[in-house]
Participant: 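Supplied in structure tokens, the structure appears directly below.
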Amino acid sequence: MKVILHIGAHRCATRNFQNYMTRKGDQLSQYGIAMMGPDRTRKGLLHGIQPGALSVTGRDPVTRAKGRIALQLCALRDAGTASLVVSDANMMGKLEQNLSLGQLYPGAGEHLSRLDHAFGGAVTDVMLNIRSPESYWASAMAVRLEQSLRMSNARTLERIAEATRSWRDVIHDIYCAMPGARIRVFAHEVFASQPEAQLSAVTGVNCPAVRGRFRLNSSSRLPELRADLPERFARLLPEGDGRWMPFSEAETASLRESYYDDMMWLVGGADGLAELVEDPNKSDVKPDNNTAADHVSQDDLTRGPLHDPDTGRLAGAG
């Protein structure tokens, strides 16, 4: 049985992917595909793996977690499951920690190493979604502003723009933490609205496609932010109707250049550490310069994940 960790990142259509697997669950089960999402991972399954406040029971929480996971995997395997997807963006670390430190998942290596130990080396594949940093940080900051009325100041923005840690470093950490797993990287600019393509790439199954489009858990546009926020925050926002982009032009250019470098490294093979998944809708015959890196500056796919219309408009954290 394949055990696939879908580790996010946050603000990269992870909820889109989880919602797709939930709604298509009956069809996917016919192919032997199952999912455990945040409703399982955050409500007991992974309890005790990461350091934190725990109730005193006199038992080792990590040992208990290993046993709990092993039982779940055994039951699924006996039931004929071919591929299990465990999906939770918090497995690399929490988004708030990224914002507080101004870095991309500085604790990813430690978090995933503990997970690999808890799964007893059963993890076969890792799915990582990445996004151009200026859009990633802007989306994260907009969500934090809406939820907790906290706005990053100029020093924080400058520190993020000047940070040397990039997605390439995150991938290095994942590889070191889970050297036995196959790491596949999906660019948000390509796969935000193609959850079925992501799942097909890791399972080898031609998964059912989605129908229709609507936004799910996307960050608000400027008019919505100004309308929903108290006046003292709303007046700090720029004019316009688009997405809030808090970075200066120079900072935005620096962040995009970092992403372009990361994408070119991935296109070149990523030193054998990971695989960049290409858009399945592209023609098999491509010009030499037609690569995934060409998508880094697309603005029309930074509006958040989109979904089928038959379930209504949904919202949620993550």
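Residue numbers run from 1 in the order of the sequence given.
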Participant: Verify, without hydrogens or angle tests, whether Arg68 (side chain) and Leu45 (backbone) share a donor-acceptor contact under 3.5 angstrom.
Facilitator: yes

Participant: Checking Lys24 against Glu196 for the side-chain contact (heavy atoms from CB on, under 4.5 Å) test, could you report, in this order, the C-alpha distance in whole Å, the side-chain angles of both residues, the deciding distance, and whether it holds?
Facilitator: CA-CA 10 Å; Lys24 301 293 185 181; Glu196 75 284 2; over 6 Å; no

Participant: Among side-chain atoms of Ser87 and Gln18, is any donor-acceptor pair under 3.5 angstrom?
Facilitator: yes

Participant: Strictly by modelled atom types, are Tyr136 and Asn98 linked by a side-chain donor-acceptor pair under 3.5 Å?
Facilitator: yes

Participant: Determine whether Ile33 and Val205 make a side-chain contact, defined as any pair of heavy atoms from C-beta on separated by less than 4.5 Å.
Facilitator: yes

Participant: Between the side chains of Ser100 and Glu96, is a donor N or O closer than 3.5 angstrom to an acceptor N or O?
Facilitator: yes

Participant: Verify the distance criterion only: is there a donor paired with an acceptor across the side chains of His6 and Asn129 at less than 3.5 Å?
Facilitator: yes

Participant: Does Tyr175 have more than 12 heavy atoms from other residues, nucleotides or ligands lying within 6.0 Å of its OH?
Facilitator: no

Participant: Under a 3.5 Å distance rule, please check whether Glu251 uses its side chain to pair with a backbone N or O of Ser248 as donor and acceptor.
Facilitator: yes

Participant: Rounded at 0.5 Å granularity, tell me how far OG in Ser83 sits from CE in Met35.
Facilitator: 14.0 Å

Participant: Verify side-chain contact (heavy atoms from CB on, under 4.5 Å) between Phe247 and Arg256, making sure each step is shown before the conclusion.
Facilitator: CA-CA 11 Å; Phe247 297 100; Arg256 282 184 176 174; over 6 Å; no

Participant: Please answer whether the main-chain N or O of Phe186 pairs with a side-chain N or O of Gln198 as donor and acceptor at a distance below 3.5 Å.
Facilitator: no

Participant: Any idea which heavy atoms bring Trp265 and His172 closest together, and the distance?
Facilitator: CZ2-NE2, 4.0 Å

Participant: Would you sort out whether Phe191 and Val277 count as a side-chain contact (heavy atoms from CB on, under 4.5 Å), showing the intermediate values?
Facilitator: CA-CA 9 Å; Phe191 287 97; Val277 181; 3.6 Å; yes

Participant: Would you find a donor on one side and an acceptor on the other, under 3.5 Å apart, between the side chain of Asp169 and the backbone of Ser166?
Facilitator: yes

Participant: Testing Arg165, His111, Arg168 one by one against Asp173 for a side chain to side chain donor-acceptor pair (under 3.5 Å), which residue passes?
Facilitator: Arg165

Participant: Is it the case that more than 12 heavy atoms not belonging to Asp26 sit under 6.0 Å from its CG atom?
Facilitator: no

Participant: Looking at Asn153, I want to see if its CG is surrounded by more than 12 non-hydrogen atoms of other residues, nucleotides or ligands under 6.0 Å.
Facilitator: yes

Participant: Do His188 and Ser135 touch side chain to side chain, with heavy atoms closer than 4.5 Å?
Facilitator: no

Participant: Spell out, as yes or no, whether a donor-acceptor pair under 3.5 Å connects the side chain of Ser200 to the backbone of Asn206.
Facilitator: no

Participant: Mark yes or no for whether Trp167, through its side chain, and Leu104, through its backbone, hold a donor-acceptor pair below 3.5 Å.
Facilitator: no

